[in-house]
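One is the number of the first residue; the rest follow in order along the sequence. Counting starts at 1 for both ligands and their atoms, in listed order.
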Amino acid sequence: FKRPKIALIGGGQIGGVLAQLCALRELGDVVMYDIVEDMPQGKCLDIAEASRVDRFDVEVKGTNDYADIEGADICIVTAGLPRKPGMSRDDLLTTNANIIKTVAENIKKYAPDSHVIVISNPLDAMVTLMREVTGFPHNRVYGQAGVLDSSRFASFIAWELGLSVKDINALVLGGHGDTMVPLVRYANVNGIPVMELLEQKYGDAAKAKEVMDAIVERTRKAGGEVVALLKKGSAFYSPASSAIAMAEAVLRDQKRVLPVCAWLNGEYGVKDMYLGVPAVLGANGVEKVIELSLNEEEQAMLDNSINAVKKLIEDMKRLGFL
Ligand code: APR
């Protein structure tokens, strides 16, 4: 038997947390690639030297040579620049597209059978480019955005209601940008609609709606809220945790139902495009996209988000990346 091999492409803020989480959960042996000389080696040595204290029997190694990702089962990509205060995720397009193109060529060369989870922004565009350059089947190339956006949405609901976040189920659809669609109607506390609990709390439907509108708005802007506070760089703990949940679902064939940036083939009225939707994640990657019925208002918000992603894809075509 062999332990799974996890390649982390990008050893920055998110890459570091990814490596540590892979080790703590013993998901597999980790190889972290970065262009910065010695840095991934140093970071991984630091993590690996805690193996006795944290009790993990996996290797964690850094490299500046793509050949070391050879045979990886799963690649998690964070290479690229993060946002600076005031920047939108879309502002990163050209810089990160150039980086992702090179990353994709090397994944294709050294890990042709791997699954690829993309985290680099602008997410929907970078996943599309990764798929295009690798030529991998669509079920093996997907992006992390919805797990984090949904976790943020659930956290804000839990804090508002003063209830355990473990009992909150909340889902965010659409592209990973300001047009994302937090689904209020489906948000529940172990089956109890969140709106019902908010109405009980405030004794007033209008006030409950106002509170929920603010939660939705905070969810849409949550990444920017962290960027503004950090001053340097963007969120890294929560994106890493979210991608690890996805990698674990695949490596352990868990068939989890998670919001994933997945390839659509007619679902939600969308054809041949990546978009954030609930999907079954297991050993075959995105095994199934789950469709749910949307009312007119929800569909209009999703259409708005679809148009924003389409615009990104058109920009990539115009710039010659696709
Ligand atoms: N090949 C490999 N790695 C690269 C390349 C490249 N061509 N160019 C840059 N990198 C590396 C950087 O050296 C850096 O270590 O990518 C890493 C990115 O790390 P950070 O700058 O710390 O960014 P991080 O917070 O990890 O976010 C990475 O994820 O959420 C998105 O918007 C975010 O696009 C950003 C990405």
Side-chain angles (χ1 to χ4, degrees), residues 7-22 31-44 46-47 62-69 72 75-111 116-130 133 142-149 151-152 175-178 180 221-244 246-247 261 276 312 316 321:
L8 306 178
I9 314 295
Q13 297 273 70
I14 301 178
V17 182
L18 284 171
Q20 193 179 30
L21 289 174
C22 286
V31 54
M32 175 197 282
Y33 171 91
D34 202 285
I35 39 162
V36 179
E37 264 187 41
D38 292 340
M39 184 274 287
Q41 291 87 333
K43 231 177 223 194
C44 289
D46 187 15
I47 292 168
T63 183
N64 303 117
D65 182 357
Y66 271 113
D68 290 329
I69 73 163
C75 301
I76 310 181
V77 179
T78 60
L81 302 190
R83 282 197 274 173
K84 294 193 179 74
M87 272 174 99
S88 79
R89 293 183 182 92
D90 299 358
D91 292 337
L92 298 170
L93 188 72
T94 309
T95 317
N96 283 356
N98 275 310
I99 294 172
I100 292 300
K101 193 162 170 274
T102 311
V103 170
E105 282 159 359
N106 282 286
I107 290 177
K108 182 181 181 179
K109 181 168 175 197
Y110 292 108
V116 187
I117 303 178
V118 179
I119 306 182
S120 309
N121 275 315
L123 193 267
D124 307 273
M126 294 305 110
V127 179
T128 307
L129 181 61
M130 174 63 67
V133 177
Y142 33 97
Q144 187 302 114
V147 175
L148 171 56
D149 296 330
S151 178
R152 284 169 168 159
H176 188 46
D178 297 343
M180 66 178 78
K221 306 237 166 89
E225 186 181 353
V226 174
V227 171
L229 290 167
L230 290 178
K231 310 286 190 291
K232 220 171 127 249
S234 50
F236 55 102
Y237 293 110
S238 55
S241 292
S242 304
I244 289 295
M246 293 171 66
C261 179
L312 267 180
M316 296 248 292
F321 288 109

Asker: To which of Asn121, Leu230, Val103, Leu148 does the heavy atom nearest atom 33 (C) of ligand 1 belong?
Answerer: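 Going through Asn121, Leu230, Val103, Leu148 one by one, Asn121 has the nearest heavy atom to atom 33 (C) of ligand 1.
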Asker: Quick one: look up the protein heavy atom nearest atom 3 (N) of ligand 1 and list residue, atom name and how far away it is.
Answerer: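 Sorting protein heavy atoms by distance from atom 3 (N) of ligand 1 puts Ala79 CB, 3.5 Å first.
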Asker: Between the candidates Ile99, Leu92, Leu81, which shows the shortest non-hydrogen contact distance to atom 6 (C) of ligand 1?
Answerer: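 Nearest option to atom 6 (C) of ligand 1, by heavy atoms: Ile99.
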Asker: Taking C-beta and beyond as the side chain, do Ile9 and Tyr66 meet within less than 4.5 Å on heavy atoms?
Answerer: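 Yes, at least one pair of side-chain atoms sits under 4.5 Å.
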Asker: By the definition side chain to side chain contact (heavy atoms under 4.5 Å, CB included), identify the one residue from Ile14, Val17, Leu21 that meets it with Tyr237.
Answerer: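 Only one option passes, and that is Val17.
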Asker: Atom 24 (P) of ligand 1: which protein heavy atom is closest, and how many Å away?
Answerer: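 Sorting protein heavy atoms by distance from atom 24 (P) of ligand 1 puts Ile14 CG1, 3.8 Å first.
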Asker: Any idea which of Ala240, Ala243, Gly12, Pro82 brings a heavy atom closest to atom 23 (O) of ligand 1?
Answerer: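 Ranked by closest heavy atom to atom 23 (O) of ligand 1, first place is Pro82.
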Asker: Among all protein heavy atoms in this structure, tell me which lies nearest to atom 17 (C) of ligand 1, with the distance rounded to 0.1 Å.
Answerer: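 Minimum-distance protein heavy atom for atom 17 (C) of ligand 1 reads Asp34 OD2, 3.7 Å.
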Asker: Any non-hydrogen atom of Ile119 lying under 4.0 Å from ligand 1?
Answerer: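 Under 4.0 Å: yes for Ile119.
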Asker: Measure the distances from the heavy atoms of Ser120 to every atom of ligand 1 and state whether one is below 4.0 angstrom.
Answerer: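 The answer is yes, since Ser120 has a heavy atom less than 4.0 Å from ligand 1.
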Asker: Got a second to check how far Asp178's CG is from Arg89's CZ, nearest 0.5 Å?
Answerer: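 CZ of Arg89 is found 7.0 Å from CG of Asp178.
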Asker: Is there a donor in the side chain of Asp124 and an acceptor in the side chain of His176, or the other way round, less than 3.5 Å apart?
Answerer: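 No, no side-chain donor-acceptor contact under 3.5 Å.
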Asker: Just to confirm my output: which protein heavy-atom neighbour is closest to atom 36 (C) of ligand 1, and how far is it?
Answerer: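 Result for atom 36 (C) of ligand 1: Thr78 O, 3.4 Å.
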Asker: So, does Asn98 use its side chain to make a donor-acceptor pair with the main chain of Thr95 at under 3.5 Å?
Answerer: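 Such a contact is absent between Asn98 side chain and Thr95 backbone.
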Asker: List the atom of Ala222, the atom of Arg152, and the distance in Å for their closest heavy-atom pair.
Answerer: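 It is CB-CD, 3.4 Å.
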Asker: Any nitrogen or oxygen of Tyr33, main chain or side chain, under 3.5 Å from a nitrogen or oxygen of ligand 1?
Answerer: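 So ligand 1 has no N or O lying under 3.5 Å from an N or O of Tyr33.
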Asker: Just jot down the ligand 1 atoms closer than 4.0 angstrom to any heavy atom of Asn96, in number order.
Answerer: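 That gives atoms 34 (O) of ligand 1.
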Asker: With heavy atoms of Val36 as the reference, note each atom of ligand 1 found under 4.0 Å away.
Answerer: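 Taking each heavy atom of Val36 in turn, ligand 1 has 13 (O) under 4.0 Å.
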Asker: Would you mind checking which non-hydrogen protein atom is closest to atom 22 (O) of ligand 1, with the distance to 0.1 Å?
Answerer: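 Here the closest protein heavy atom is Gln13 N, 2.8 Å.
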Asker: To which of Leu18, Asn64, Ile100, Ile35 does the heavy atom nearest atom 4 (C) of ligand 1 belong?
Answerer: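 The option holding the nearest heavy atom is Ile35.
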Asker: Given Ser120, which of Ile100, Val127, Leu129 fulfils the side chain to side chain contact (heavy atoms under 4.5 Å, CB included) condition?
Answerer: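 Among Ile100, Val127, Leu129, the one meeting side chain to side chain contact (heavy atoms under 4.5 Å, CB included) with Ser120 is Ile100.
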Asker: Is any side-chain heavy atom of Met246 closer than 4.5 Å to a side-chain heavy atom of Tyr142?
Answerer: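 Yes - at least one pair of side-chain heavy atoms lies under 4.5 Å apart.
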Asker: Between Lys108 and Val103, is there a donor-acceptor pair closer than 3.5 Å when you use the side chain of the first and the backbone of the second?
Answerer: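 No, the answer is negative, given that no donor and acceptor are paired below the 3.5 Å cut-off.
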Asker: Nearest non-hydrogen atom to atom 18 (C) of ligand 1 belongs to which of Ala145, Gly11, Gly80?
Answerer: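 Looking at heavy atoms only, the winner is Gly80.
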Asker: I want to check something: taking the side chain as every heavy atom from C-beta on, are Asn64 and Pro40 in contact at a cut-off of under 4.5 Å?
Answerer: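 Counting from C-beta outward, Asn64 and Pro40 do come under 4.5 Å.
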Asker: Check ligand 1 against Met39 and write out every atom of the ligand that is under 4.0 Å from a heavy-atom position of the residue.
Answerer: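 Under 4.0 Å from Met39, ligand 1 has these atoms: 15 (O).
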